[in-house]
There are 2 protein chains.
Amino acid sequence: MMRAGETQMAKPDKRTRLRQSAVELAYRQGFRKTTIADLAAESKVPLGNIYYYFKTKDELGAAILETRLDEFHQLRDHAETLSDPKDRIRLFIDATLDNRAVVAERGCPMGSLCAELLKDGGELGKQSNALFAEPIAWLAAQFGSLKRTDGAALALQLMASLQGVSLLAQSFRDPRLIETEAARLKAWLAAL
Amino acid sequence: MMRAGETQMAKPDKRTRLRQSAVELAYRQGFRKTTIADLAAESKVPLGNIYYYFKTKDELGAAILETRLDEFHQLRDHAETLSDPKDRIRLFIDATLDNRAVVAERGCPMGSLCAELLKDGGELGKQSNALFAEPIAWLAAQFGSLKRTDGAALALQLMASLQGVSLLAQSFRDPRLIETEAARLKAWLAAL
DNA sequence: GTCTATACGGCGATAGAC
DNA sequence: GTCTATCGCCGTATAGAC
């Protein structure tokens, strides 16, 4: 039991800490390679206790996906405070650009996770689809606001470029690839 | 000692069978998820005997990378029988396009392998770099033959698009994404 | 709700007969 | 070179005291 006075100052509750640690570990070393013992060490929650919050490792994977999707939702909500659809799309490109240092080390937070879960072939692979489907649908809507009839195609093209360059930047451990491609994509966007 | 695949023997020897089965299994279900027992079943080589040919699982991984790199070399050699650099690049694009059905199921044979090995964080991840580095260098040379000074940038751009769309096609299980992107890339190439 | 100890299975790798 | 049996470790998950 928590003593009085610890409540306000305490770390986030265990479920939240577990989710955050799981997201971090899965991003750093992969979901499959991350063991419950790893998670126990990172989150400082005893191994057996983890199962009180997440009954299986797959439930943990679902929570990770949910967290990553929430991150996109926050980006989207921020972007929608801008009135120009091109500015909104620029903000999306900037999300990768601003993260280029870590992307060059670990890959795209969404893409590398999807790639892994898709190969694993379980139920999580199918669920991971939303991580691409939602951003693409949103991007397509933004391109649609620009009176383009090919919004869906443009959204796929943009997403593919960002995913591809993230993978290449990771392979070459070189964030400059992302700088180059982001600049090109912004020029392309401006010219649309 | 003679290695099969380098001979004209009617029936591939065990080493070759093992390598081929390992490539197939790693592509179908991932390298990490593939167990030596899986490989024994697929190749019909008894489990213990596998270790006569490959002392560790990592050696098997290195053989898989070598095989995938050889596949690119064959494509490159075929492409270099063509005199027009644009035709050579088109052949490279066609490699993904012609494979779109299986790419939409399992991802790009090179890209999905690199992504997995990079996340795993071992020595194989670093070795996998050649799978991107060689094609990109070759593509850059082809663009260079077109008197472009930005050949390296164009090569990265093309490779990123193909890798990205392969991942998206896999996620959506839809080979048509590859058709659309390949058509766009060919038009882009023709207009260079 | 929390935590220690452990069950149970599967994995890479080896031993050793043939 | 080949193959069966098995070792030792490590993974997920559970038992059960507190």
Sequence-distant partners of B:Asp98, salt bridge (Lys or Arg N to Asp or Glu O under 4.0 Å), two or more places apart
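So B:Asp98 forms no salt bridge (Lys or Arg N to Asp or Glu O under 4.0 Å) with any residue.
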
Set of salt bridge (Lys or Arg N to Asp or Glu O under 4.0 Å) partners for A:Arg15, sequence neighbours left out:
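For A:Arg15 there are no salt bridge (Lys or Arg N to Asp or Glu O under 4.0 Å) partners, ignoring immediate neighbours.
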
Which residues pass the side chain to side chain contact (heavy atoms under 4.5 Å, CB included) test with A:Ala137, not counting sequence neighbours?
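Not a single residue meets the side chain to side chain contact (heavy atoms under 4.5 Å, CB included) criterion with A:Ala137.
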
Across the strands shown, which category fits A:Tyr53 at heavy-atom distances under 4.0 angstrom: base, sugar-phosphate, nothing?
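Sugar-phosphate only.
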
Of all residues at least two apart in sequence or in a different chain, which pass the side chain to side chain donor-acceptor pair (under 3.5 Å) check with B:Glu24?
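B:Arg28, B:Arg106.
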
Connected hydrophobic set around A:Leu69, excluding itself, where side chains approach under 4.5 Å
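The other cluster members (ILVMFWY side chains, heavy atoms under 4.5 Å, direct or chained): none.
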
Base, backbone or nothing for each nucleotide of nucleotides 3-18 of chain C, written B, S, -, heavy atoms under 4.0 angstrom, 5' to 3'?
BB------SSBB----

For A:His73, look at atom NE2 and say whether over 12 heavy atoms of other residues, nucleotides or ligands are found less than 6.0 Å away.
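Yes, the 6.0 Å shell around NE2 holds more than 12 heavy atoms from other groups.
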
Rounded to whole Å, how long is the line connecting atom [atom1] of [X] with atom [atom2] of [N]?
X       : N      : atom1 : atom2 : result
A:Phe54 : C:dT2  : CZ    : P     : 13 Å
A:Tyr52 : D:dA13 : OH    : P     : 18 Å
A:Leu60 : D:dG11 : CG    : C1'   : 14 Å

